[in-house]
Amino acid sequence: MKVKEIKNGLLLEDIQHFEAKHIFECGQCFRWKAEEDGSYTGVAYGKILNVKSDAEKGTVVLNNTNRSDFEKIWYSYFDFGRDYGKIKEVLSKDEVLKEAIQHGQGIRILNQEPWEIIISFIISANNNIPRISKSIDRLSEMFGEPLECAGKNCYSFPDATQLAKADIEQISLCGTGYRYKYIYQTARMIAQGEVDLDRISELKLEEARKELLKLPGVGPKVADCIMLFAMQKHDSYPVDVWVKRVTEHYYIHQEVSMKQIQEFARDKFAGLAGFAQQYLFYYARGQKLK
DNA sequence: AAACAGGAACCAC
DNA sequence: GTGGTTCCTGTT
């Protein structure tokens, strides 16, 4: 990878396995919005960034950033230190995944902030992506810090302290439905240090899940998402309806319990289960698999 | 306009 | 620990 400074940003060259659409639309994040020119704009770690990828040229343009933030934030955020070619090579031994990877070849698993991901996925329970995004935007507008930018959506995601001292009635105005209580209670538990996210991040999958399940609004699926998208637990295999459908349809050939799906994934994909899950999820949604 | 989509909590058993 | 029901809101 080559990093060149350009006006107001960076040009990355010799990039493989990176497509903005695949990355931002594979269900792992909610704050990145598609622009008319095919780029995406979003907020993470309190910074606004615009991303445009060109798979043919092998380039990525990062707008509104600099070399220092790239090294501090975005290199890790976009998981540039990982060899996706190797992951794909291993997973492609399976015919279904080979096909799925062709559809989502530019997927990468972002390294997101645990706190934001916890709240985002509490909101995701029994919900759909447009509504989840809207709720997160409203939470940020109401309780986050304003960021310098030209358009809309320019607020950082509020931290746990900010939400813990918020009026619970105000949280309920963010379109989160009955989940507002969970958001508030979880914020309080974390703000008060009752739950230590850094500590949980260090634990192994099963132990970390047990801890995360103590948070109100966090069940098995949400815990698995938090671990995969914000705690680098790449052996996590979150099973939502789409992943359940795609796993049953292509591998098990009958309806089974959530537990059986997870056992299957653990045996079949082992440490790469999380990557397999992302390729399969994106594939299933693209196929509108029923 | 009624039906549907989507995970967790909660309560029986 | 498993199964059924309810929670809220945007879309069809």
Side-chain angles (χ1 to χ4, degrees), chain A residues 25-31 33-34 112 114-142 153 163 166-190 194-195 200 205-231 233 236-249 252 254-266 273-274 277-278 280-290:
Chain A
E25 296 187 13
C26 65
Q28 62 179 325
C29 54
F30 303 101
R31 292 204 78 190
K33 310 286 186 267
Q112 303 184 77
W115 155 250
E116 176 176 337
I117 288 302
I118 287 171
I119 299 302
S120 300
F121 280 88
I122 285 176
I123 295 170
S124 82
N126 210 20
N127 211 340
N128 56 51
I129 292 169
R131 257 181 64 201
I132 301 163
S133 290
K134 194 187 272 183
S135 293
I136 294 171
D137 288 346
R138 278 197 228 168
L139 275 178
S140 303
E141 270 176 53
M142 273 201 218
N153 282 334
L163 277 191
D167 181 358
I168 190 165
E169 301 293 325
Q170 295 285 302
I171 297 178
S172 76
L173 295 177
C174 295
T176 55
Y178 57 87
R179 306 165 194 83
Y180 70 92
K181 313 182 225 35
Y182 307 146
I183 296 170
Y184 181 68
Q185 287 164 2
T186 293
R188 297 204 60 164
M189 288 172 73
I190 290 170
E194 209 174 307
V195 170
I200 296 176
L205 186 81
E206 291 304 328
E207 288 301 308
R209 175 198 265 129
K210 210 190 292 175
E211 291 300 311
L212 289 169
L213 289 175
K214 292 178 181 168
L215 297 168
V218 176
K221 151 69 165 59
V222 171
D224 288 344
C225 286
I226 296 164
M227 293 190 291
L228 180 57
F229 301 139
M231 294 182 169
K233 307 272 176 279
S236 172
Y237 191 81
V239 183
D240 68 346
V241 289
W242 293 95
V243 174
K244 184 166 188 289
R245 276 177 205 153
V246 74
T247 310
E248 287 170 345
H249 183 267
I252 307 180
Q254 57 179 313
E255 279 201 32
V256 293
S257 69
M258 293 288 178
K259 198 167 162 254
Q260 285 175 280
I261 304 243
Q262 289 226 320
E263 279 167 10
F264 165 82
R266 199 185 50 209
Q277 190 270 6
Q278 287 291 277
L280 290 171
F281 175 87
Y282 190 75
Y283 185 50
R285 298 214 42 149
Q287 309 277 302
K288 298 208 179 1
L289 194 71
K290 278 287 175 192

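So you know, we letter chains A, B, ... as the sequences are listed, proteins then strands, and number each from 1. Computed from a prediction, not measured in an experiment: that's the story for all the values here.
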Would you mind checking if A:R209 and A:E206 are paired as a salt bridge, meaning a charged N to carboxylate O distance below 4.0 Å?
-> yes
Taking NZ, NE, NH1 and NH2 as the nitrogens, is one of them in A:E207 or A:K210 under 4.0 Å from a carboxylate oxygen of the other?
->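 Salt bridge: yes.
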Could you state the atom-to-atom distance from [atom1] of [X] to [atom2] of [N] in whole Å?
| X | N | atom1 | atom2 | value |
| --- | --- | --- | --- | --- |
| A:I119 | B:dG7 | CD1 | C1' | 16 Å |
| A:I226 | B:dG7 | CD1 | C1' | 13 Å |
| A:I132 | B:dA5 | CD1 | P | 16 Å |
| A:N127 | B:dC4 | CG | P | 19 Å |
| A:I183 | B:dG7 | CD1 | P | 16 Å |
| A:L213 | B:dA8 | CG | P | 9 Å |
| A:K210 | C:dG1 | NZ | P | 13 Å |
| A:K214 | B:dA9 | NZ | C1' | 18 Å |

Does A:W242 make a side-chain N or O approach to OP1 or OP2 of B:dA5 shorter than 4.0 Å?
-> no
Minimum heavy-atom separation for A:L228 to A:K233, with atom names?
->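 Smallest interatomic distance, heavy atoms only, reads CD1-O, 3.6 Å.
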Is a side-chain donor-acceptor pair under 3.5 Å present for A:D224 with A:Q277?
->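 The criterion, which ignores hydrogens and geometry beyond distance, is not satisfied for A:D224 and A:Q277.
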What about A:F281 and A:Y237, are their ring centers closer than 6.0 Å?
->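 Ring centres of A:Y237 and A:F281 not closer than 6.0 Å.
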What string of B, S and - do you get for nucleotides 6-12 of chain C, 5' to 3', when a contact is any protein heavy atom under 4.0 Å?
-> -BBBS--
Counterpart residues, salt bridge (charged side-chain N to carboxylate O under 4.0 Å, His left out), relative to A:K134 (two or more places apart) | none
